[in-house]
Number of protein chains: 2
Amino acid sequence: MSHSEARERVLQAAERLFAERGYTAVTVKDIAAAAGIHHASLYHHAPDGKEGLFVEVMTRILERHRAGIADAVGAGGEDVRAQLHGIAAWMLSQPPMDMIRMALSDMPAIDAASANMLAALAFEAMIVPIVRVLYDARGRGELLQGDLGNIAGGIFSMLQGLHTLPEAYLERSRQEMANELIDVMLAGMKAR
Amino acid sequence: MSHSEARERVLQAAERLFAERGYTAVTVKDIAAAAGIHHASLYHHAPDGKEGLFVEVMTRILERHRAGIADAVGAGGEDVRAQLHGIAAWMLSQPPMDMIRMALSDMPAIDAASANMLAALAFEAMIVPIVRVLYDARGRGELLQGDLGNIAGGIFSMLQGLHTLPEAYLERSRQEMANELIDVMLAGMKAR
DNA sequence: GTCTATATAAAGATAGAC
DNA sequence: GTCTATCTTTATATAGAC
């Protein structure tokens with residue numbers, strides 16, 4: 001069971017669909033169809049069914065985010081602006097996700113223990129690194145004013161919003177828009 | 001059918017549940033239970049079923065937002081900061097909503113024409129007023145730099161993120177945190 | 001590993017009594 | 001206006017052939 005080409009196709013299809021539309025809006029038939037197999041065959045690769053599959057792929061996504069964001073932060077050296085632009089680039093390189101929907105809609109629909117685990121992992125993988133980048137910059141003497149936890153959450157929310165903005169509304173690349181929003185926030189933290 | 005106390009209970013229950021958890025995660029049984037009636041009785045008040053009810057209550061929510069935001073903008077006079085703080089106060093006074101989930105998950109699950117109508121109404125009711133507030137301030141000579149459409153979207157995303165942040169993570173009131181985020185953005189727009 | 005067939009349960013919806 | 005009863009459809013899941 002553990003590793004096969006077909007199983008990987010199932011996991012990738014599930015990742016994309018669950019991240020984009022959420023737990024309740026996606027059916028196992030949707031996933032099987034996207035993976036190119038009959039929905040009964042899906043249970044061969046995911047014996048714990050829809051909920052087990054959801055927990056597995058969300059864990060995978062969040063672990064990958066943690067690693068990708070950590071790399072982006074490292075590549076930014078000691079420049080908070082470069083670090084935040086790097087985090088934005090990483091997030092925009094991944095399938096869009098909606099943490100609000102995860103918290104409000106997906107989590108209540110699954111087993112409580114799994115929900116708590118995923119919520120903690122999401123916080124650790126995506127919010128904490130941004131908070132840390134801001135605190136480290138302040139620690140180096142940069143004049144970043146304000147409640148850094150609040151501001152980190154704000155930056156994260158803006159990046160997610162941008163990521164899921166329909167193409168039709170885009171005049172520039174998402175990366176350019178993300179960088180502008182980050183720059184406005186940084187300038188504001190210094191200016192107040 | 002048009003007006004009754006019971007129908008209003010159904011609409012209010014549907015508003016809260018749909019706005020919070022989304023179209024697919026809410027069942028008609030959930031709504032009926034929250035309204036204190038049997039789920040069969042719900043069809044007396046909502047003859048067009050779940051989808052008709054969803055379109056009706058989302059329209060209602062968005063119309064109310066349009067009016068509430070317009071009032072808040074008017075009450076802020078010609079002070080862009082007061083206007084944005086007022087918009088935040090209004091949004092925080094209403095049940096939390098998740099526009100990302102609406103776009104990615106709810107809209108694909110309903111009739112395309114209704115989806116387009118709701119998407120346009122949401123944009124008109126919630127994004128356009130913020131854009132207008134920023135452009136008007138710039139028109140009055142305030143030095144607001146940057147892509148105002150992009151920045152308006154960023155402010156909106158931050159407000160939604162804050163609104164749906166679980167109580168456990170709050171050290172201050174949401175209103176204080178929202179005002180801080182707005183102030184950082186404004187200072188950044190002036191400083192760059 | 002994948003399918004057909006089938007079981008089970010849940011959800012949306014309608015009919016009709018009260 | 002609300003209920004019980006019922007119908008239909010859809011979704012999750014399993015059994016077993018190939």
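Here is the naming used below: chain letters follow the sequence lines, and residue numbers restart at 1 for every chain.
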>> Please encode protein proximity along nucleotides 13-18 of chain C as a string of B, S and -, counting only heavy-atom distances under 4.0 Å.
In response: BB----
> Over how many whole Å does the gap from Lys29(B) atom NZ to dT4(D) atom C1' extend?
Replying inline: 13 Å
Pairs under 3.5 angstrom only: tabulate donor-acceptor contacts from the side chains of residues 132-142 of chain A to other protein residues two or more places apart or in another chain.
from, atom 1, to, atom 2, distance (Å)
Arg138(A), NE, Leu144(A), O, 3.0
Arg138(A), NH2, Leu144(A), O, 2.8
Arg138(A), NH2, Gly146(A), O, 2.8
Arg140(A), NE, Glu78(A), O, 3.2
Arg140(A), NH2, Glu78(A), O, 2.6

>> For Asp147(A), give me all partners under side chain to side chain donor-acceptor pair (under 3.5 Å), at least two apart in sequence or on another chain.
In response: Arg172(B)
>> Taking 4.0 Å as the cut-off, does a side-chain nitrogen or oxygen of His38(B) come that near to OP1 or OP2 on dA5(D)?
In response: no
> Asp98(B): what forms a salt bridge (Lys or Arg N to Asp or Glu O under 4.0 Å) with it, not counting sequence neighbours?
Replying inline: none
> Where the side chain of Thr27(B) is defined as all heavy atoms beyond and including C-beta, which of dG1(C), dA11(C), dT2(D) is the nearest nucleotide?
Replying inline: dA11(C)
> Whole Å only: how far is the CD atom of Glu5(A) from the C1' atom of dT2(C)?
Replying inline: 14 Å
>> Testing Lys50(B), Met97(B), Met102(B) one by one against Phe18(B) for a side-chain contact (heavy atoms from CB on, under 4.5 Å), which residue passes?
In response: Lys50(B)
> How long is the line joining CD1 of Ile37(B) and P of dG1(D), in whole Å?
Replying inline: 11 Å
> For dG1(C), does OP1 or OP2 lie under 4.0 Å from any side-chain N or O of His44(A)?
Replying inline: yes
>> Between C1' on dG1(C) and CZ on Arg7(A), what's the gap in Å once rounded to a whole number?
In response: 14 Å
> Separation of Phe54(A) atom CZ from dT12(D) atom P, in whole Å?
Replying inline: 13 Å
> For Tyr23(B) and dT10(D), what is the distance between atoms OH and P respectively, to the nearest whole Å?
Replying inline: 13 Å
>> Under the rule for side-chain contact (heavy atoms from CB on, under 4.5 Å), what residues qualify as partners of Ala34(B), not counting sequence neighbours?
In response: Ala13(B), Arg16(B), Leu17(B)
> Quick one: is Ser41(B) getting a side-chain N or O under 4.0 Å of the dG1(D) phosphate, OP1 or OP2?
Replying inline: no
> Taking only residues two or more places apart in sequence or in another chain, which ones pass side chain to side chain donor-acceptor pair (under 3.5 Å) with Gln94(A)?
Replying inline: none
